[in-house]
Amino acid sequence: MGTTPVFIFITWFTMQHLDGDFGRLIESFRAHGWGYLKVIVPSPFDPTAWKVILSYMAVELAFMRLLPGKTFKATVTPAGNVPVYRANGMQAYAASLLLFFLLQRYGPAHGLHVSWVYHHMGELLSAMNVFSLAFCLFLLVKGLTFPSSSDSGSSGNWVIDFYWGTELYPRVLGFDLKMFTNCRFGMMFWALGILCYAQAQAEKDGFLSNAMLVSVLLQLIYITKFFYWETGYLCSMDIQHDRAGYYICWGCLVWVPAVYTSPSYFLVNHGGRDIGTLTALLLLSAGAACVGINYWADRQRQVFRASDGKCSIWGKPPVFITASYTTEKGEKRSSILLASGWWGVARHFHYVPEIMGAFLWSCPAGFYGLRFFLAYFYVIFLTPLLFDRAFRDDARCRDKYGKHWDKYCALVPYKMIPGIL
């Protein structure tokens, strides 16, 4: 909590003002000391930044409430609760993109330019950092005084409670706050932000480079997959096991806009070049295949669970284990664990194409020295994150299912990479 806010401002400033050169950053710190942070961190009270952020939030909250969608019931929580959502993620995504392109087309006549987001990203991040810290404090107090469900509680240490959260499913006025921060703010900004950066690069160089185009298209394919599969995400570790605190909520409100979009942000100043038609097509094809395999794996498990195992996986009846467990309330329940298709290759194989896809949409930046480290920071961050998630999920499942998990691991012996791990 002490380093991540500082890190996002240092990386943003280095990309925006130092051409991505960490050498120049180090020289500046040597010359001015830690007081140089005052130069790096913009004021968090820029009025235009707050207007943009609050307007964006208002629109996305309105889409959550007003757009039609089927009722979706997620899987049972550790305390035995069943979260209920309106599944309108794809509708909100389509509406957000439509509003973006309308603003891109008609905004300049009214003094509104989508490239403003790129040029004032520092002010936006600074404002969001302050908002997010206050929001996490609100979540801490809410979870301790008026939680939304029995999936809540304190660790006994307020620092850990602030970081990890005190509630699994906080809701206010009918809005699910984690669905908003994770999906409708963080992931939606990822899509809209990189489009703003593409506009900034086109305005700077007079054309949209194929390097930027490939990077943005691959990310949009991934984000479109996310919103199409949003109900699957609502049954993932992020939602069902990680509480709403600094780790998840500050991460989605600040870290995601800053880090997940960084390959395209970097390309505004370094992407005005031709990477060649063949290279562009190869990157697009390979990247799209990685996203496709990632979705294919998630979809297999989603269909398997929805049909209670009465389906076909790769043309055959699925192999699975029925694992019983006991909830925190002492209720006996059971889950079915898929060991066919991609889930028979490794227990978390779907993370491998996700990492490869992130690498491929960073590749248009090229490989030209240390300054290009920032173009690849997202995939560098993502790799240990997903490995850690695989280990955490395994530990959680072993604790939950006991001997049934051991049987499952005997069927699917590898955690992520067949033959290696």
Side-chain angles (χ1 to χ4, degrees), residues 1 4-5 7-8 11-12 49 52-64 85 88-90 92-97 99-100 117-118 121 124-136 138-139 163 165 168-172 175-197 216 219-234 236-265 354 357-358 361 377-379 381-382 385-386 389:
M1 291 189 291
T4 45
F7 180 81
I8 62 152
T11 54
W12 160 76
V52 170
I53 290 167
L54 294 176
S55 298
Y56 170 57
M57 287 182 171
V59 168
E60 294 304 331
L61 286 169
F63 286 164
M64 281 181 69
Y85 302 91
N88 59 2
M90 198 63 186
Y93 178 59
S96 298
L97 290 180
L99 278 182
F100 171 86
V117 172
Y118 169 78
M121 191 61 182
L124 290 171
L125 290 175
S126 193
M128 276 311 306
N129 184 54
V130 169
F131 174 87
S132 300
L133 293 174
F135 181 67
C136 291
F138 163 75
L139 291 174
Y163 175 78
L168 198 55
Y169 294 99
R171 297 194 174 191
V172 173
F175 290 101
D176 186 275
L177 298 184
K178 277 174 67 179
M179 184 182 194
F180 171 70
T181 59
N182 296 26
C183 304
R184 307 309 171 81
F185 189 98
M187 291 299 296
M188 199 72 75
F189 181 87
W190 188 356
L192 301 176
I194 60 176
L195 288 170
C196 293
Y197 306 161
V216 169
Q219 290 173 82
L220 287 178
I221 291 171
Y222 177 82
I223 298 164
T224 303
K225 181 274 300 184
F226 173 87
F227 282 107
Y228 184 74
W229 171 77
E230 188 183 52
T231 53
Y233 177 72
L234 296 175
S236 70
M237 178 178 282
D238 282 358
I239 300 296
Q240 293 216 309
H241 302 286
D242 293 340
R243 290 184 171 189
Y246 183 93
Y247 173 75
I248 281 290
C249 295
W250 183 92
C252 290
L253 294 171
V254 185
W255 186 264
V256 168
V259 172
Y260 286 40
T261 67
S262 58
S264 298
Y265 196 94
E354 183 164 352
W361 69 60
F377 178 72
Y378 170 64
V379 69
F381 154 78
L382 180 69
L385 174 75
L386 294 184
R389 186 173 295 176

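Because the structure is predicted, anything quoted here is derived from the model rather than measured.
- In this structure, T11 contributes its side chain and I8 its backbone to a donor-acceptor pair below 3.5 Å.
- The six-membered or imidazole ring of W190 lies near that of Y222, with a centre-to-centre distance under 6.0 Å.
- Within the 3.5 Å criterion, the main-chain N or O of M187 finds no donor-acceptor partner in the side chain of N182.
- Going from atom SG of C252 over to atom OH of Y260 covers 7.0 Å, rounded to the nearest 0.5 Å.
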Please test L61 against F180 for side chain to side chain contact (heavy atoms under 4.5 Å, CB included), starting from the C-alpha separation and ending with a verdict. CA-CA 7 Å; L61 286 169; F180 171 70; 3.6 Å; yes
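- The main-chain N or O of I248 is never found under 3.5 Å from a side-chain atom of D238 such that the two would form a donor-acceptor pair.
- A heavy-atom distance below 4.5 Å is not found between the side chains of W12 and L124.
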Begin from the C-alpha positions of N88 and F63 and carry the test side chain to side chain contact (heavy atoms under 4.5 Å, CB included) through to its verdict. CA-CA 8 Å; N88 59 2; F63 286 164; over 6 Å; no
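- Here the OH-CE distance, from Y197 to M121, works out to 3.5 Å after rounding to the nearest 0.5 Å.
- Rounding to the nearest 0.5 Å places SG of C183 at 11.0 Å from CD of E60.
- Looking at M188 and I223, their side chains never come closer than 4.5 Å, going by heavy atoms from C-beta outward.
- Separation of atoms CE (M179) and OH (Y85) is listed at 7.5 Å; rounding is to 0.5 Å.
- Side-chain contact check for L133 versus W250: some heavy-atom pair is nearer than 4.5 Å.
- Within the 4.5 Å cutoff, the side chain of C249 has heavy atoms near those of the L139 side chain.
- Considering only heavy atoms from C-beta on, L168 stays 4.5 Å or farther from D242 through its side chain.
- The CG atom of L253 lies 5.5 Å from the OG1 atom of T181; values are rounded to the nearest 0.5 Å.
- Side-chain N or O atoms of K178 include none that pairs as donor or acceptor with a backbone N or O of A244 at under 3.5 Å.
- W255 and F377 have perpendicular rings, their planes meeting at more than 60° on a 0 to 90° scale where under 30° would count as parallel.
- Between Q240 and Y169 the shortest side-chain heavy-atom distance falls below 4.5 Å.
- Between F185 and Y56, the distance from one ring center to the other falls under 6.0 angstrom.
- Ring planes of Y118 and Y265: tilted class, angle from 30 to 60°.
- Note: L54 CG to F131 CZ = 7.5 Å, rounded to the nearest 0.5 Å.
- Between Q219 and S264 the shortest side-chain heavy-atom distance falls below 4.5 Å.
- Residue Y228 places its OH atom among 12 or fewer non-hydrogen atoms of other residues, nucleotides or ligands, all under 6.0 Å distant.
- Nearest approach of L382 to E354, heavy atoms of both residues: CD2-O, 4.0 Å.
- Salt bridge E230/R184: present, at least one basic N to carboxylate O contact under 4.0 Å.
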One pair to check against side chain to side chain contact (heavy atoms under 4.5 Å, CB included): V254 and T4. What are the steps and the verdict? CA-CA 10 Å; V254 185; T4 45; over 6 Å; no
